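First comes the structure, then the notes that go with it.
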Amino acid sequence: MSDPVVQPVEDGETLARFILHKGHIRGFGTQQARVRANVFMPGPRGELSVFRHTGISERELWELGKTEVAALRGFPLLGRGDLAVCEARAASSSLVIERSEPPRNHANITGWPTEKASQKIIALALAEASRFVPCGEQPALSE
Amino acid sequence: MTQFGPDPWFPVYRTSPGGLFPFPAPQWLTYDLREVGGRSTALWTEIESVARECSVPGWDGYGALPVQPSTVERTRSLLMRMPTGLPEPEIGAEPDGAITLEWHGRSSRALSVSVASDGPLHYAAIIGSSKCWGTEEFHLSFPERLRRLVAEVETQ
């Protein structure tokens, strides 16, 4: 069996970061709900786990959030933060976004600076550029 | 004086100011630490809520480290030293188990400060088109740099 091929993610794609924790959402339950910066902080292994929208339906995307993220903790899925790949790359040229399957459509954002304050400023920029989508809701078409 | 029930995260500290009394202090000298610093009960409740939700490994579904009681205590200690007149932050948690204090103003103004169980405070701020980030030591007083940033973020 050959090693998995690491493929880049295209600039035109959109990424989803699934959210289980109310503290990760500002104004939870309101029309003005926004994603907090700590949603986009890398984990202990220096990676930020996301899912690509590309090639799957909204329903399939939510299903990935439920089975691959929420089920691991046994908490309900609250929503997701949607982020354009080009916005992520604009936030920091050091970030690397690569497919990392399985699970289906999974990707990792790596290349984070080692200093925590530097990670925080990138996470703040990602949060500013992202859009919160409550669980089960269709995002408004922007294109 | 407001009373709160038994709580592993927020015990009601009844002590004598300065610890001058070797025995339980007389009632007239006791106080509840949650009322010190002029902070609202809602703020302490929010910290308590975040601490509870994030006290187990993997609380975010992605392998986050748990928030430790010592981190909660240090956060409370910092907030009790925050100058009066500054708005209270919103509370969150980070994948490394740090507690986040966030202030949001209008027009892309935001400040995020990370409080861990020890070490410096890490912060980042976006104020319109400018960004700044760095670290500040916290010992006995609220860092002046952070006080200025909070005021700047909240300024119209």
Side-chain angles (χ1 to χ4, degrees), chain A residues 17-28 32 34-51 64-78 80 91-92 106 108-109 112-129, chain B residues 46-67 89-104 106-116 119-136 145-146 153:
Chain A
R17 173 74 169 174
F18 292 109
I19 301 171
L20 310 182
H21 176 50
K22 271 192 296 186
H24 278 162
I25 306 162
R26 295 186 62 218
F28 179 68
Q32 293 77 36
R34 298 291 306 269
V35 179
R36 287 189 193 279
N38 39 16
V39 167
F40 293 106
M41 287 292 285
R45 289 187 296 179
E47 298 172 340
L48 183 69
S49 170
V50 292
F51 286 82
L64 281 173
K66 288 172 185 169
T67 57
E68 302 297 339
V69 181
L72 294 179
R73 194 184 165 207
F75 273 25
L77 184 61
L78 300 179
R80 67 176 199 245
S92 172
H106 184 256
N108 279 323
I109 303 180
W112 292 84
T114 52
E115 287 185 355
K116 184 161 179 179
S118 302
Q119 295 174 356
K120 287 179 71 66
I121 196 65
I122 295 172
L124 264 182
L126 297 182
E128 285 284 319
Chain B
E46 193 180 350
I47 295 173
E48 180 182 3
S49 172
V50 168
R52 278 205 181 108
E53 281 193 42
C54 307
S55 63
V56 294
W59 53 266
D60 65 348
Y62 299 95
L65 302 177
V67 172
E90 298 172 21
I91 308 297
E94 296 177 5
D96 63 357
I99 287 180
T100 315
L101 312 178
E102 279 187 17
W103 288 265
H104 291 268
R106 294 182 182 177
S107 309
S108 297
R109 287 168 177 257
L111 167 65
S112 175
V113 178
S114 300
V115 186
L121 307 173
H122 301 276
Y123 70 89
I126 293 179
I127 301 170
S129 58
S130 60
K131 297 176 179 177
C132 65
W133 62 96
T135 59
E136 285 289 327
R145 171 73 173 149
L146 297 185
V153 163

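Proteins come first, then strands; the chains are lettered A, B, ... in the order of their sequence lines, and each starts at number 1. Note that this is a predicted model, so its numbers are computed, not measured.
For chain A, the nearby parts of B/Ser108 are the backbone and the side chain; heavy atoms of each come within less than 4.5 Å. Heavy-atom distances place both the backbone and the side chain of B/Glu53 under 4.5 Å from chain A. Looking at B/Cys54, the atoms closer than 4.5 Å to chain A (heavy atoms on both sides) all sit in the side chain, from C-beta outward. The contact between A/Arg17 and chain B is made by backbone and side chain atoms together, counting heavy-atom distances below 4.5 Å. For B/Val113, the part sitting under 4.5 Å from any heavy atom of chain A is the backbone (N, CA, C, O) and nothing else. Looking at A/Phe18, both its backbone and its side chain come within 4.5 Å of chain B, counting heavy atoms on both sides. Only the side chain of B/Asp96 comes within less than 4.5 Å of a heavy atom in chain A; its backbone stays farther off. Interface remark: B/Leu121 contributes no atoms to any contact with chain A (heavy atom separation under 4.5 Å).
Between A/Trp112 and A/Glu47, the closest side-chain pair of non-hydrogen atoms is not below 4.5 Å. Contact of the B/Ser112 side chain with the B/Thr100 side chain is registered, since non-hydrogen atoms from C-beta on lie closer than 4.5 Å. Looking at A/Val35 and A/Ile19, their side chains come closer than 4.5 Å, going by heavy atoms from C-beta outward. Side-chain contact between A/Arg26 and B/Glu102: present, with at least one pair of heavy atoms (C-beta onward) separated by less than 4.5 Å. Residues B/Asp60 and A/His24 are in side-chain contact: their nearest non-hydrogen atoms beyond the backbone lie under 4.5 Å apart.
Here B/Ala125 is the residue among B/Ala110, B/Ala125, B/Cys132 with the most heavy-atom pairs under 4.5 Å with chain A. Of the listed residues (A/Val69, A/Ile122, A/Leu20), the greatest number of heavy-atom pairs within a distance under 4.5 Å of chain B belongs to A/Val69. Comparing A/Ala71, A/Gly23, A/Ser118 by how many heavy-atom pairs each has under 4.5 Å with chain B, the most go to A/Ser118.
When atom types are taken as modelled, the side chain of B/Tyr123 and the backbone of A/Lys120 share no donor-acceptor pair closer than 3.5 angstrom. Side chain of A/Asn38 to backbone of B/Ala93: a donor-acceptor contact under 3.5 angstrom is found. Put simply, the side chain of B/Glu90 never gets that close to the backbone of B/Trp103: no donor and acceptor are under 3.5 Å apart.
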